[in-house]
Amino acid sequence: MSIEPSLAVTIGGLRLKNPVMTASGCFGWGEEFRAYFDLNELGALVGKAVTAEPRPGNTGVRIHETPAGMLNAIGLQNPGVEGFIADILPRIRDLNCPLIANVPGHTVAEYVRVARRLTEAGGIDAIELNLSCPNVGRGGLEFCVAPESVAEVVSAVRSATRLTLIAKLSPNVTDVAVLAQAAQAAGADAISLINTLVGMAIDVERRRPILGNVTGGLSGPAIRPVALRMVYEVVGAVQVPVIGIGGIATARDALEFLMAGATAVQVGTANFFNPRACPEIIAGLRDWLRAHGIRDVREIIGAARPGATPAP
Amino acid sequence: MSIEPSLAVTIGGLRLKNPVMTASGCFGWGEEFRAYFDLNELGALVGKAVTAEPRPGNTGVRIHETPAGMLNAIGLQNPGVEGFIADILPRIRDLNCPLIANVPGHTVAEYVRVARRLTEAGGIDAIELNLSCPNVGRGGLEFCVAPESVAEVVSAVRSATRLTLIAKLSPNVTDVAVLAQAAQAAGADAISLINTLVGMAIDVERRRPILGNVTGGLSGPAIRPVALRMVYEVVGAVQVPVIGIGGIATARDALEFLMAGATAVQVGTANFFNPRACPEIIAGLRDWLRAHGIRDVREIIGAARPGATPAP
Amino acid sequence: MHLVTSEVLDLREVAPDHWVTTFDAPEIAAAARPGQFVMVRAGPDWDPLLPRAFSIYHADIEAGCVEILYRVVGRGTRQLATLEPGRFATMWGPLGRPFDLPETERVILVAGGVGVPPVVFLAERLAQAPMRLLGLVGASSRKFLVGVEHLRRAGAEVRLATDDGSLGHHGLVTDLLAAALQEPGQATIYACGPQPMLVKTARTALAAGVSCQLALEAPMACGVGACLGCTVPRAGGSFARVCCEGPVFAAQEIDWEAWERGSI
Amino acid sequence: MHLVTSEVLDLREVAPDHWVTTFDAPEIAAAARPGQFVMVRAGPDWDPLLPRAFSIYHADIEAGCVEILYRVVGRGTRQLATLEPGRFATMWGPLGRPFDLPETERVILVAGGVGVPPVVFLAERLAQAPMRLLGLVGASSRKFLVGVEHLRRAGAEVRLATDDGSLGHHGLVTDLLAAALQEPGQATIYACGPQPMLVKTARTALAAGVSCQLALEAPMACGVGACLGCTVPRAGGSFARVCCEGPVFAAQEIDWEAWERGSI
Ligand SMILES: Cc1cc2nc3c(=O)[nH]c(=O)nc-3n(C[C@H](O)[C@H](O)[C@H](O)COP(=O)(O)OP(=O)(O)OC[C@H]3O[C@@H](n4cnc5c(N)ncnc54)[C@H](O)[C@@H]3O)c2cc1C
Ligand SMILES: Cc1cc2nc3c(=O)[nH]c(=O)nc-3n(C[C@H](O)[C@H](O)[C@H](O)COP(=O)(O)OP(=O)(O)OC[C@H]3O[C@@H](n4cnc5c(N)ncnc54)[C@H](O)[C@@H]3O)c2cc1C
Ligand SMILES: Cc1cc2nc3c(=O)[nH]c(=O)nc-3n(C[C@H](O)[C@H](O)[C@H](O)COP(=O)(O)O)c2cc1C
Ligand SMILES: Cc1cc2nc3c(=O)[nH]c(=O)nc-3n(C[C@H](O)[C@H](O)[C@H](O)COP(=O)(O)O)c2cc1C
Ligand code: FES
Ligand code: FES
């Protein structure tokens, strides 16, 4: 078949030209990657976390390589929502792909304040609530584990913004599907997962934890099987679109998540070891669909779920 | 220093000549490895799971390689406790290292029955309660998530056996330290962790889950950072010895767990990609201690914890 | 069983994407029997993590070397094909149950794709034996037919089949088997190849009442019997481990239908 | 910035465990300036996962090639040292802020261990310039002294220091710096090497009021400014990314004490 397949998908009010977004904290606000590809190729750009106040980030070692993965404990370094609006937003407004801001918080009020300011400022198309940042003391951590707190944050922010609202969940829980249901019930337009698994490494010669923060978030191909399983579970538990994240580095990885039922994917750590990871995944998806005679990527969303039409 | 360092550690009533055991399900009952090294070198041998009734195991694909890890869904294939006592136990009784049986269960009664029969049979030195097997339908899974059920199983088995009792915990929970505390309070002599993370993989060409069981347990170096973090957490929460498991493949990996506070370690997946993994880790530990002038491995247990004496 | 750090002595591409690596491994060469395999790890890092199983293609006891033939299809084989002479791999074996040697006047060797190695090794060991060897070799296209010269050198008559008809019979190698079984003389069948070919071969042999041994493949982690990952359904009902109860099974030992159903 | 699949043209061991790899990378060679670095991934698999940063040692614009010098200490460098000529690596660069060129009559180049590359590259670019070059090179032992000939060929006077006293000054290379600063003529210092050496050099320069630029190292994931993993404390108080705000910093830009404290 020589028909150009359609890659477009919809997440809440967002129309994406393809299902590939960047993952928060792994792509800056894109400026670092302009030298490697045209950012307008992206389905959407999810930027760094934006907090109410500026944050310096953690001291000491912040990243450490692990087998097929990495640990990070950046500590949400960012100029704060006012700094973001003043200095960064004007530089990226011209982009022709949806911009999504990632918002962590310590308190419900903090989430609401940042979401409101970003909505007022304009130029941001969706808000991804980071309900699971394990790196800043107890910051955000309390919001990830109980469905009640997830619901509280989501519904408070829901009342404060008309932007598409994505709830990003922590994988460090017994039952992620229950959190997803709570987020959906509270008004989230979509669920994204997974954030990093909490991990750690020790420097044997110095006899102490390697990361300045002791623990950090594990990401990269190592966690892909866990992420895929959680996405598969959550897709079965909610009706809103799910965005799959975790270890995606190739078009084949992205296809696994789409077939598990994700409507879109985010690419995080792969940007670090391949600055062209996103455009290569987009091109690879297109090629795979074309080679399989599939005209629309939506035909394969959920294709590996029970009851889906089997492969021809 | 040319003094031979001591590697001996104690777990409950068990005296181990070194802190390196095999992990359940990853070493058979040792017979497959006799060609590669002298099993008596092991600190202890933890054998395959023994269930009340024989189990055929899962159909379809049971294992799948992932980045720096593997998924398994074996389904607890074993001849049942009576088959074990009749056919396997006589062949391994002669071993000169402690033998530990791994016991999963669907009900408290099942755990108790297997533990009692193993105790009566003699030849087994400790029982490791598998409170977290994710592969057999819901089997065991309910026991892993709530501290009450962990406590119930542990105290029931505690009354049924005088053998050293190890509670092996699931990592697929929000708060593993709470489970460890429940196990300790109910009479466990030690805590071992982690069992596998629940994961999955999809065959993109056939559009279906690769494993016959859909999901499986993720093990290997990929999970080591998560395992180490959980061990570090649990050591801080209980007083009984902790046995570290997860992705250990080299002496350096084992040292990370010991420095995090584990009294011993188990080696699982590494046996598959290096049949001599255990003796190499034991020799590597000895060499490292000797090179650092440390006479007793117990000096480095917990060395990376807050308050420990810093490295010289 | 021997676990060795083995030097690569030779690496050559024998067909597009099909490579033969020769390893220096005297103990394994001396112990190897046709149908057995080795586990190979080609790198020091953790991705790919697991060793790969390869049938022994040649074992030269005098030269002390072992050869494997493989097609580059994924990470493990790609990595292996970068190991030039002078580099090292970790290898253990020989592993598994070998072919039982034949007692009939005719031997029919059926090989599909990269199923050729154990069958070639068997033919070489039977070269001096007083029986007629018939090799049936199939591949998707003529350029992927490998090992044929080795079979001829071992004295076998060889008949070929290709899916695209580019050489020999236009169709499956199992089509050739039915005809061969019509020919006079009691035969034993030895087969190795992709699952559908093995299933077809086993059914043909069982229907004809001809003794048949087949070398199976299954995803393996350990190769030594410890992980229980490589099981196939036994005719009786339980599971057999391909790595140590196989890889060679007699046709009647396996529940072929269940195996077909359960496969990826 | 260029992202290329680059062929290895040459691989040689220049000292025990110290290797130089020459890559075919014309665009990077043409753009490279002393102090800049490249990110290199040497294999297709996921362990090791992250690229490694290497200072550019030589960039030959005409030949279109880039050289790096590294010591095999871990997984990444071990893998790199197996890439023989004809094999490929993925490389992106040139990255980071280069050295500012000197305006003084004397230039003091201070290099410790595998900190030699950027300093050699700078010396080569200054070879035709009208200033006196003094190279101070330190290593743990004489056999690990690398790049010295290159400095001499670029017209530098070279003084050596070894920790074990096997050649040159018995002690640290920073001991030589204090003496060199006593000599007449206004100088600019350029330094690269292990953290303690850099801290000492910066403090010496700051105390003497001499202009000093230092190429720093930090654990890096991306090398392009996106991960915020490679930060070092700025004198002001915030963090600077070594990969894009550095790796070259002026001595007064860094909070050396905080950096020392926070390091692994
Ligand atoms: C007893 C035995 C003997 C064997 N003898 C030989 C022999 O002589 N020669 C030989 O060539 N092989 C032989 N094999 C097979 C060999 O062990 C390898 O499995 C095979 O070579 C492929 O390995 P790989 O690492 O290259 O591919 P892998 O990377 O393991 O992939 C294998 C296949 O699965 C596909 N795949 C991988 N991941 C996924 C995914 N997520 N979704 C969908 N598909 C996926 C790949 O595309 C590839 O086609 C034997 C196996 C056994 C058990
Ligand atoms: C801007 C910049 C320029 C650079 N230029 C050069 C250069 O020109 N030449 C050069 O050789 N290097 C250079 N480096 C360093 C280089 O990037 C690598 O970090 C270095 O070569 C080590 O890489 P590796 O993969 O071999 O070791 P890794 O495997 O990454 O290990 C690095 C070190 O950490 C130790 N280590 C690893 N894991 C652990 C653990 N769990 N616990 C304790 N210790 C551990 C290892 O033993 C080793 O000593 C530069 C770095 C930067 C940031
Ligand atoms: C260095 C780094 C920084 C990150 N920062 C954030 C963040 O600020 N907010 C957030 O929600 N997730 C953050 N993440 C998590 C990623 O967005 C993503 O959920 C996770 O890394 C898993 O995807 P991956 O395996 O593709 O990286 C960060 C991850 C990394 C590696
Ligand atoms: C093939 C396989 C089978 C396993 N079977 C069991 C089991 O029967 N009982 C159990 O408690 N753990 C079982 N495990 C888990 C391991 O004992 C271990 O906890 C886990 O694999 C993590 O360690 P590793 O990364 O070193 O393998 C199994 C793991 C694998 C890979
Ligand atoms: S491969 Fe492990 S039991 Fe067969
Ligand atoms: S290495 Fe990623 S920001 Fe510097």
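Below, chain A is the first sequence line, B the second, and so on; all start at residue 1.
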D:R234 portion near chain A, given a 4.5 angstrom heavy-atom threshold =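 Neither part; nothing is under 4.5 Å.
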Interchain contact, D:P233 with chain A, by part (heavy-atom threshold 4.5 Å) |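 Contact with chain A involves no heavy atom of D:P233 at all.
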After noting the C-alpha distance and the side-chain angles of A:N58 and D:T231, does the key distance pass the side-chain contact (heavy atoms from CB on, under 4.5 Å) rule?
-> CA-CA 9 Å; A:N58 292 332; D:T231 48; over 6 Å; no
[X] side, atom [atom1]; [Y] side, atom [atom2] - distance, nearest 0.5 Å:
| X | Y | atom1 | atom2 | result |
| --- | --- | --- | --- | --- |
| A:F272 | D:M39 | CZ | CE | 10.5 Å |
| A:E32 | D:L95 | CD | CG | 11.5 Å |
| A:I63 | D:C222 | CD1 | SG | 7.5 Å |
| D:R52 | A:F273 | CZ | CZ | 12.5 Å |

Do [X] and [Y] make a side-chain contact, defined as non-hydrogen atoms from C-beta onward lying under 4.5 Å apart?
| X | Y | result |
| --- | --- | --- |
| A:T66 | D:L49 | no |
| D:M220 | A:E65 | no |
| D:F239 | A:R62 | yes |
| A:K48 | D:L228 | yes |
| D:V224 | A:Y36 | yes |

Of the backbone (N, CA, C, O) and the side chain (C-beta and beyond), which part of A:T250 lies under 4.5 Å from a heavy atom of chain D, both, or neither?
->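 For A:T250, the side chain is the part near chain D, not the backbone.
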Measure A:F27 against the heavy atoms of chain D and call it side chain, backbone, both or neither at under 4.5 Å.
->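 For A:F27, the contact with chain D is made by the backbone alone.
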Would you please go through residues 78-93 of chain A and name the residues with a non-hydrogen atom below 4.5 Å from one of chain D, in numerical order?
->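 Answer by number: none.
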Please check if atom CZ in A:R34 has more than 12 non-hydrogen atoms from other residues, nucleotides or ligands closer than 6.0 Å.
->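 Count over threshold, so yes.
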D:E13 CD: over 12 foreign heavy atoms closer than 6.0 Å |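 Yes, enclosed.
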When A:G30, A:G69, A:C26 are compared by non-hydrogen pairs under 4.5 Å with chain D, the top option =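 Greatest number of close heavy-atom pairs with chain D: A:G69.
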Atom of D:L3, atom of A:P275 and distance for their closest heavy-atom approach =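 Shortest heavy-atom separation between D:L3 and A:P275 comes out as CD1-CD, 4.3 Å.
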Of the non-hydrogen atoms in A:M70 and D:A221, which two are nearest, and what is the gap between them?
->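 Looking at all heavy atoms of both residues, the closest pair is CE-CB, 3.9 Å.
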Select, from D:A218, D:C227, D:G76, D:G223, the one with the greatest count of heavy-atom pairs under 4.5 Å involving chain A.
->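 Ranked by heavy-atom pairs under 4.5 Å with chain A, first place is D:C227.
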